Amino acid sequence: MGEAEAANGRPVARVLLDSALPQLDHLFDYAVPGELAGELRVGQRVRVPFRSRDRKSFGYVIGFAEHSDFGGELAPVADIVTPVPQLTPEVWRLARAVADRAGGSAGDILRLAIPTRQVRIEKQHAAGTADDPGAHDRPYAPAQEEARLAELLAEGERLALTASHGPIRLETGEWVGSWAEQLARAALAVHAGGRSAIVVVPDYRDLDQVRDALAARGHAGIVRVDSRQSNAERYAGFLRALDPVPRIVLGNRSAVYAPAHRLGAILMWDDGDPVLAEPLTPYVHARDAALVRAEQSGAGLLFSAHSRSAEVERLVMLGYVKAQVNPPRRTRVLHADASVVPDAFAGRVPEFAARAIREGLRHGPVLVQVATPGYAPVAVCGECGDLARCGACAGPIGFRTAARGACRWCGEFATDWRCPTCGGRHLEQRGTGSERTAEQFERQFAGTRVLLSDGEHPRERVDARPALVVATRGAEPLAAGGYRTVVLLDVERLLGIETLRAGEDCLRWWENAAALAAPDGVCVIASGGGPVVRAFATGRADEWLRSELRDRHALRYPPSVRVASVTGGPVEVERALATLDGLPGVDHLGPAPLPPGGRAGTPPGLVRAIVRFDYGHGAEVARRLRGALVADAAGSSSRTRGKQPGRARPEALRLRFDDRGVFDS
DNA sequence: AGCACGCCGACT
DNA sequence: GTCGGCGTGCTC
């Protein structure tokens, strides 16, 4: 840390202030006072006077200069908060570029990148008494193939890898997905080459698997970035990442912003998982941040997944990312055509799937993936068993009270319902949630151990003994040795989710579940068919994705174009859109009224426009919309005055770039 | 966000 | 003339 650039006699310090105000998102010049001249360094957190002599604000020193362009007299830097230069030049450049690309403030990115300081932890670290598990790491000797991969990555290669299915047993006896072992080896090989590696995974269950795989190879000296950590743990890890030593950083979406000495590669697992989309402003997806960082730092990039995201496929088609050529090992998939099996849905599962379950249960655990947790009673036609749909909006009909069916989407009661398929008039209740399914299985497969795992009560692992594991998509436990059988239910329902990415999401859910099967296990998908199901069953998901991308390209849907939603009062939105006039490759949908109420209690009268633009114009679109936002925010204080304080001005402009959900109903 | 500056209407 | 209303813009 001693290498951070010092003031070196230069009298001006350039500081980025901590502020949520967009109009303050630029550097402010301060005088370097004589008494701090010897200590002040780039990256340090400082306290500076702001707005008046005695009001202080925090910020980071971004650089030094001989003179300032500011007309007035410079106020002096008041204090150095910590001697540790927390903000490395590399992370600063990243934060600035990522914020600019997303129409946001660099400070918002830095909040994700830098944990709050803990004096105790800092003292321990400085004294060298901090716990450093890396001290006991065994040197790793990468296999030839791994060394070659690490070399390519360190040279800046960008790769898309389809990971093999199946779990793998570590030397420690622990089971992890083969993908985790593969990713761990790649990280270790990069590290063995004297470079840092950042491994980004969606959630803590993934993190645990990679951590176990690294530890089994003798590497426990990782830096973890994990939502389960206390702030002290997080800061201790942060300081270790800051050390001038190559590290392996392993963490969730904010790990892409971790400092790293000689960054060799960013490795990302399952970038299609929505958890990698940052929910805080400026809502930058970890994949996009990784792409920017790799480009800036010259580091390599590896996207690994069981099912490729549309975004990565687009980059592969452009030749920006290179796809792995050798086909990965894949679980055998049986498409059980539910539509040709008479009375297929008499029980919860079609009869042949029930047979596969019974067969699997003779040797080990069986996984059943369902769409929703709990009971989720839905209405079906009493005559033909078809899913009942609302007459008004075609939404699914649920039962809020046991007797009366009502639409889940619009609330319309299902009186005088008539089945469009067979003309039946009688609604029947059927439970499809995980708990309800588990109850049914306890009866249908009497004497079998039935285990539940869903978002609220996730189970990370199950043993190799026979058990029927009912899990919601994404919450499937890892089974020791793998599942004998993986059954995918509710296929039509999942495909019917009205999002632009339904097909892509389904492939990801199914592929990730199929990957949990034993090498000689089997995956059964119970469905009437359709292109997505066929693509999955035949292992041609990439082909399907390419045709999907071609369709989206024709319609100007993301990711073939970028999008930004512009929300606010009608006047504000119109003003923002006007700044885009004359830009080629840019159009917009709307503005359309935003439905009032909703999640955050949206007040009435607000509108939203969706701006679509080619990637090449992204920087200019972001710059102009950001300009409109700054102008709106700057004028807002006067307009707000007189109104009740506390509540933010609802008609204020809000920008959101690359939102996955803008085209969903 | 807050606070200063400045440009028009009512006042000692 | 000058006090003070609030709209406008800046904060190193």
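In the text below, chain A, chain B and the rest are named by the order of the sequence lines, each starting its count at 1. All values reported here derive from a predicted model rather than from experimental measurement.
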Side chain to side chain contact (heavy atoms under 4.5 Å, CB included) evaluation trace for A:Ile109 with A:Tyr257: CA-CA 8 Å; A:Ile109 302 292; A:Tyr257 301 113; 3.6 Å; yes
Looking at every strand, decide which applies to [X] at a 4.0 Å heavy-atom threshold: base, sugar-phosphate, or nothing.
X       : value
A:Leu21 : base
A:Tyr30 : sugar-phosphate
A:Leu24 : base

Nucleotide [N], atom [atom2] - distance to [atom1] of [X] in whole Å:
X       : N      : atom1 : atom2 : answer
A:Phe50 : C:dC12 : CZ    : P     : 6 Å
A:Glu73 : C:dC12 : CD    : P     : 11 Å
A:Gln23 : C:dT11 : CD    : C1'   : 10 Å
A:Arg53 : C:dT11 : CZ    : P     : 15 Å
A:Asp25 : C:dT11 : CG    : C1'   : 14 Å
A:Arg51 : C:dC12 : CZ    : P     : 9 Å
A:Lys56 : C:dT11 : NZ    : P     : 18 Å
A:His26 : C:dT11 : NE2   : P     : 8 Å

Expected output: side-chain A:Gln44 to main-chain A:Pro83 donor-acceptor under 3.5 Å: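 Yes, the answer is positive, given that a donor and an acceptor are paired below the 3.5 Å cut-off.
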Backbone of A:Val81 reached by a side-chain donor or acceptor of A:Arg117 within 3.5 Å: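 Between the backbone of A:Val81 and the side chain of A:Arg117 there is a qualifying donor-acceptor contact (under 3.5 Å).
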Ring-face cation contact, A:Tyr235 with A:Arg240, 6.0 Å cut, 45° max: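 The answer is no; the distance or angle limit is not met.
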